[in-house]
Amino acid sequence: MTEQKSPCCTESNPGFIELDAYIDSLKIDPIDPERKEKLIMTLHKAQSIFGYLPAEVQKFIANRFAVSHAHVSGVISFYNYFTTTPKGKTKISICMGTACYVNGANKILQDFENALGIKAGQVTPDGRFSIETLRCVGACVLAPVVLVNDHVYGKVKQGQAEKIIEEYLVEYGEKVEEQ
Amino acid sequence: MSTRIENFEQLRQKYEECKRLVEVRADPDYDGDKKFILVCGGPGCVSLKSLQLVENFEKLIKEHGLENKVQASISGCFGFCEKGPLVNIFPENIFYVQVKPEDAKDIFEQHILNNKVVDRLVYIEPVSQKSMTDSLEMPFYKRQMRIALRNCGLIDPEIVEEYLGVGGYQSLAKVITQMTPEEAIEIMKRSGLGGRGGAGFSTGRKWEFGRMYKGDRKYVICNADEGDPGAFMDRAIMEGDAHSVIEGMAIAAYCIGADQGYVYIRAEYPQAVKRLQIAIDAARKLGLLGKNILGTGFNFDVDVRLGAGAFVCGEETALIQSIQGNRGEPTTKPPFPAERGLWQKPTVVNNVETLANVPVIFEKGPEWFAQIGTENSKGTKVFALAGKVNNVGLVEVPMGTTLRQLIFEIGGGVRDGGKFKAAQSGGPSGGCIPEQFLDTPIDYQSLSKIGSMMGSGGMIVMSDSDCMVNIARFYLEFVVEESCGRCVPCRIGTKRMLEILTDITKGKGTLDTLAELQSLAETIPDTALCGLGQTAPNPVLSTLRYFMDEYKAHVEEKRCPAGVCTDLLHYEILPEKCIGCTSCARGCPVNCISGSPKQTHVIDQEKCIKCGNCLQKCRFGAVIRK
Ligand SMILES: Cc1cc2nc3c(=O)[nH]c(=O)nc-3n(C[C@H](O)[C@H](O)[C@H](O)COP(=O)(O)O)c2cc1C
Ligand code: SF4
Ligand code: SF4
Ligand code: SF4
Ligand code: FES
C-alpha cells in the first residue's frame with residue numbers, strides 16, 4: 001500500500017466547512033432518537049467531499065450527531081460503498097454482477113489488473129488509478145460493464161482495457177508512454 | 001411555475017389541459033398534423049448517445065422553424081435495449097432501431113419533412129427477414145403486456161404534466177375523495193396483486209395488517225434497493241415513471257394511515273435518484289404530496305434515503321435498520337414491519353414494481369387486473385432479460401407466460417449460436433432451471449416447485465459455454481461477501497460451501513466433499529435468521545439436482561465440460577497448424593509463448609495463466625483448449 005497524505009488532517013480543510021454547513025442544513029437535534037436517520041446520507045456527502053472517510057472525518061460526524069465514534073465506524077465498515085482509504089484519482093470499477101460475469105467480466109478485470117499492475121481493491125503507486133469490483137449498476141444490457149469514475153463503458157471487449165486507460169492518461173495531459 | 005391543485009375538480013381540469021401534451025403519442029385517434037419524435041432514455045440507449053440524438057433532433061426542428069409542429073423528447077426505457085438507441089415517431093407509430101446521433105438528419109429530412117420511412121433504420125426480424133415498423137408486430141413486443149411499465153417509453157419522466165396528461169394522480173384522487181381506507185384495501189385484495197419484491201405476498205393483506213396495528217405514526221417504505229446482481233427492472237421504472245411509484249405510495253399511505261414515506265434506493269443508481277427527487281419536488285409543488293392533499297385533510301410526504309452497497313439491506317428488516325442509521329442487520333420476524341417497523345411503528349414495505357401497479361388497479365378496476373395472469377398469480381411481471389440471450393432487455397409479460405416464450409420468442413433464443421443450458425431467476429436466492437422445464441408457466445408457485453423462485457425479476461440465460469459448478473460458486477461467493485454475519489449457519493455454513501465449490505472448480509473435489517456440500521445446502525435454510533441465508537443454498541441445490549453430471553465431471557474426471565474452470569484446462573499449440581505468425585505470442589500477457597517468426601510456437605505450461613488470449617488471437621486454429 002502506498003502512503004497518501006491525508007487531505008484532511010486539520011479541520012481548517014475547506015471540506016470540513018462544506019460538511020459542517022451540510023450538517024447544519026439537516027438541523028440535527030442531539031436528543032432526538034431519530035436523528036441517526038440522517039447519518040448515512042451525511043456519510044455519502046462526506047465521502048463525496050473527501051473521497052473517503054478517514055478517522056478525522058468520522059469523529060467530526062460522530063460529534064455533530066452526538067453518537068459514538070464506534071457507531072459511525074461500525075456503520076461505515078458494514079457498507080461496501082464507504083471506504084476508509086483513498087481511491088485513485090481515476091476510479092475503475094468492473095461490474096461483477098451476474099449478467100456481466102456470464103459475459104466474461106472476470107477476464108476484463110484481469111485485463112485491467114494486468115494493464116495497471118495492481119489488483120482489485122488497490123491503488124497505483126502514483127495514486128492515479130484504482131481498481132475495484134462492484135455488483136450490478138443496472139446496465140446489464142451492456143454487459144460486461146466498466147465504470148470509470150461515472151462514465152459507463154458497455155460491451156467491453158478483451159484487450160480494450162489499455163485503450164480505456166489511455167483515454168484518461170490523455171485527459172490528464174500526459175503523454176502516453178509505451179512501457 | 002405550476003400552482004397548487006386544491007381539489008379533485010381542479011385535478012380533472014388539469015388532466016384535460018395536460019392531455020394535449022401527450023395526445024400525439026397517447027391518443028390512438030389523434031388526427032392532427034403534429035409529429036412527435038420519442039427517443040429512448042433507458043440506460044442502454046443513453047450510453048449509446050441517445051441524449052445527443054435528441055439534441056440533434058431539437059436542433060433540426062429549430063433550424064426549420066417547426067417548433068409548433070414537431071417535438072422531440074426523451075422517455076423512460078422502451079425495453080428493446082439490444083437494438084438501441086430506439087426512436088418512435090408518432091402519430092404514425094414508426095419504430096426505428098440502432099439510431100446513431102448522426103441519423104437524426106435522415107430521419108428528420110426523409111421521415112418528418114417528406115413522410116418517407118427511413119428503410120435502413122427499420123427493424124428486420126431475424127427469422128422471417130421481414131421488416132417491421134410497428135413495435136407491436138415484433139416478436140419481442142408481441143407477447144408483452146405493459147402495466148407496470150405503461151408509461152416507460154411514453155412520457156418524459158421529468159415533466160409531471162405529462163404524467164398528469166396520461167391520467168396520473170387520478171387514482172389517488174379517487175381513493176382519497178371517494179373511498180374509505182377499508183374500501184380501498186378491499187379493492188387491492190380483490191385485484192390479487194402480490195408483492196413483486198420476490199415473495200408474492202398479497203399487497204392488500206399487507207396493507208390490512210398495516211391498518212390494523214395501532215401507532216401514533218405509521219410509515220410506507222418503497223424498497224428500491226434492487227440488489228439482485230443482474231437485474232434492472234426497478235431502476236427502469238424509477239427512471240422512466242417515478243410518479244407512478246409515488247402515487248402508489250400515497251395510496252398505500254392513505255390505506256394504512258401513514259403520513260410519511262421513504263424510498264430506500266441504492267446509491268449505484270444516481271440517475272434514478274435524480275429523477276425520483278425531481279418527481280417528488282414536482283408533486284409537492286402541485287400539492288399532490290404534503291399537507292391537506294386535494295383539500296381532503298390527508299397528509300403525506302416522501303423522502304429519499306440512499307443505500308450504501310449492502311445486498312442484505314434489500315431485506316425489509318435490514319432496510320429499516322439502515323434507514324435508522326445503523327448497520328443493516330436483519331432482525332427476527334415476527335414482529336413483522338407491519339406491526340413494528342421503522343422506529344417501532346407500523347410500517348408497510350413494498351417493492352417499486354408492486355407500487356407502480358397500484359394506480360392502474362384503481363383506474364381499471366380490480367376485476368380487470370385479476371383476469372390477467374394465472375389462478376394464483378395475478379397481473380404481469382417485469383423481467384430483466386440478460387446473459388447469453390439475443391434480445392437483452394426489459395420485458396413485461398402476463399403471469400403464466402412460459403419460460404420458453406420468454407427466452408425464445410421474446411428473447412430470440414441463445415446468442416452467438418450457443419445452446420441453451422439454464423435460466424437463472426431470483427438471483428442469489430433463486431435456482432438454475434434446465435431445458436426440460438422450459439414450458440413451465442411463470443408464476444410464484446411453479447417456479448418454486450422446480451427449485452427456483454420468481455425473485456424480483458432478474459432472468460439470466462446461460463449457454464453451453466457456462467459452467468454450472470462455477471455459476472453456483474459465483475453465487476455463493478456473492479452470498480459469503482454479503483452475509484451480515486449475524487447467525488452462524490449463514491456466516492460459517494456458506495463459507496464452507498464456497499470452499500468446497502472452489503475446490504471442485506480447481507479439481508480438488510471428492511465425492512465425500514460433494515456429499516458434504518449437499519448436506520450443508522439442505523440444513524442451512526432451516527437455521528438461518530433471514531431470507532438471505534435461508535435461500536442462499538438454492539443455486540447450489542438446483543445445480544446439484546439438474547447438473548450433477550457436470551459436478552461429477554469436475555470431481556471424478558477433473559474435467560470442466562464447458563471449458564471455464566481454468567485450473568482444469570490447458571492451452572496447446574498444434575505444430576501441424578501453426579504457421580508462426582507470432583500473433584499469439586504478442587498477445588500473451590505473461591510472455592510465455594516462444595518461437596521465432598515462421599517457426600512453430602510453443603507454450604510454456606508452467607508460466608501460462610490460462611487467460612485464453614492466444615486462442616482468440618490465432619487465426620489458423622492452431623491453439624486449442626483441452
Ligand atoms: C436478502 C434479501 C434481499 C432482498 N432484496 C430485495 C430487493 O432488492 N428489493 C425488494 O423489493 N425486495 C427485496 N427483498 C424482499 C423484501 O424483504 C420485502 O419482502 C419486499 O420488499 C416486500 O415488498 P413486496 O411485498 O412489494 O414484494 C429481499 C429479501 C431478502 C431476504
Ligand atoms: S441469514 Fe445471513 S444475512 Fe441473514 S441475518 Fe443471518 S447472517 Fe445475516
Ligand atoms: S492462455 Fe494466456 S497466458 Fe497462456 S499461453 Fe495463452 S495467452 Fe499466454
Ligand atoms: S497465432 Fe496461431 S499460427 Fe500464429 S504463431 Fe500463434 S499458434 Fe502459430
Ligand atoms: S450485471 Fe453488470 S450491470 Fe448488471
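In this structure, a donor-acceptor pair under 3.5 Å is present between the side chains of A:Glu167 and A:Tyr153. With 3.5 Å as the limit, one finds no donor-acceptor pair spanning the side chains of A:Tyr81 and A:Gln47. Between B:Glu82 and B:Asn391, the side chains place no donor N or O within less than 3.5 Å of an acceptor N or O (distance only, hydrogens not considered). Checked by atom type, the side-chain pair B:Glu226/B:Tyr269 shows a donor-acceptor distance below 3.5 Å.
A cation-pi geometry, defined here as NZ or CZ lying under 6.0 Å from the six-membered ring centre and within 45° of its normal, does not hold between B:Arg235 and B:Phe232.
In this structure, chain A has heavy atoms under 4.5 Å from both the backbone and the side chain of B:Glu329. Heavy-atom distances place the side chain of B:Asp466, and not its backbone, under 4.5 Å from chain A. Proximity to chain A is absent for every atom of B:Val46, based on heavy atoms less than 4.5 angstrom apart. Interface remark: B:Gln616 contributes side-chain atoms only to the contact with chain A (heavy atom separation under 4.5 Å). For chain A, the nearby parts of B:Ser322 are the backbone and the side chain; heavy atoms of each come within less than 4.5 Å. Heavy atoms of B:Ala267 lying under 4.5 Å from chain A belong to its backbone as well as its side chain. Neither the backbone nor the side chain of B:Phe311 comes within contact range of chain A, judged by heavy atoms closer than 4.5 Å. Proximity to chain A is limited to the side chain of B:Ile460, based on heavy atoms less than 4.5 angstrom apart. In this structure, no portion of A:His151 lies under 4.5 Å from any heavy atom of chain B. Using a 4.5 Å cut-off between heavy atoms, B:Leu394 makes no contact with chain A at all. For a residue to count as touching a neighbouring chain, one of its non-hydrogen atoms must lie under 4.5 Å from one of that chain's; by this rule A:Glu34 touches chain B with backbone and side chain alike.
Contacts with chain B were tallied for A:Asn114, A:Leu39, A:Asn80, A:Leu142; A:Asn80 has the most, counting heavy-atom pairs under 4.5 Å. Put simply, of A:Gln158, A:Lys36, A:Lys38, A:Arg35, the one with the most heavy-atom pairs under 4.5 Å next to chain B is A:Lys36. Put simply, of B:Gln424, B:Met462, B:Lys388, the one with the most heavy-atom pairs under 4.5 Å next to chain A is B:Lys388.
Residue A:Glu162 places its CD atom among 12 or fewer non-hydrogen atoms of other residues, nucleotides or ligands, all under 6.0 Å distant.
Atom NZ in A:Lys45 sits 11.5 Å away from atom CD1 in A:Ile61 (nearest 0.5 Å). Put simply, OG on A:Ser130 and NZ on A:Lys91 are 7.0 Å apart, with the number rounded to the nearest 0.5 Å.
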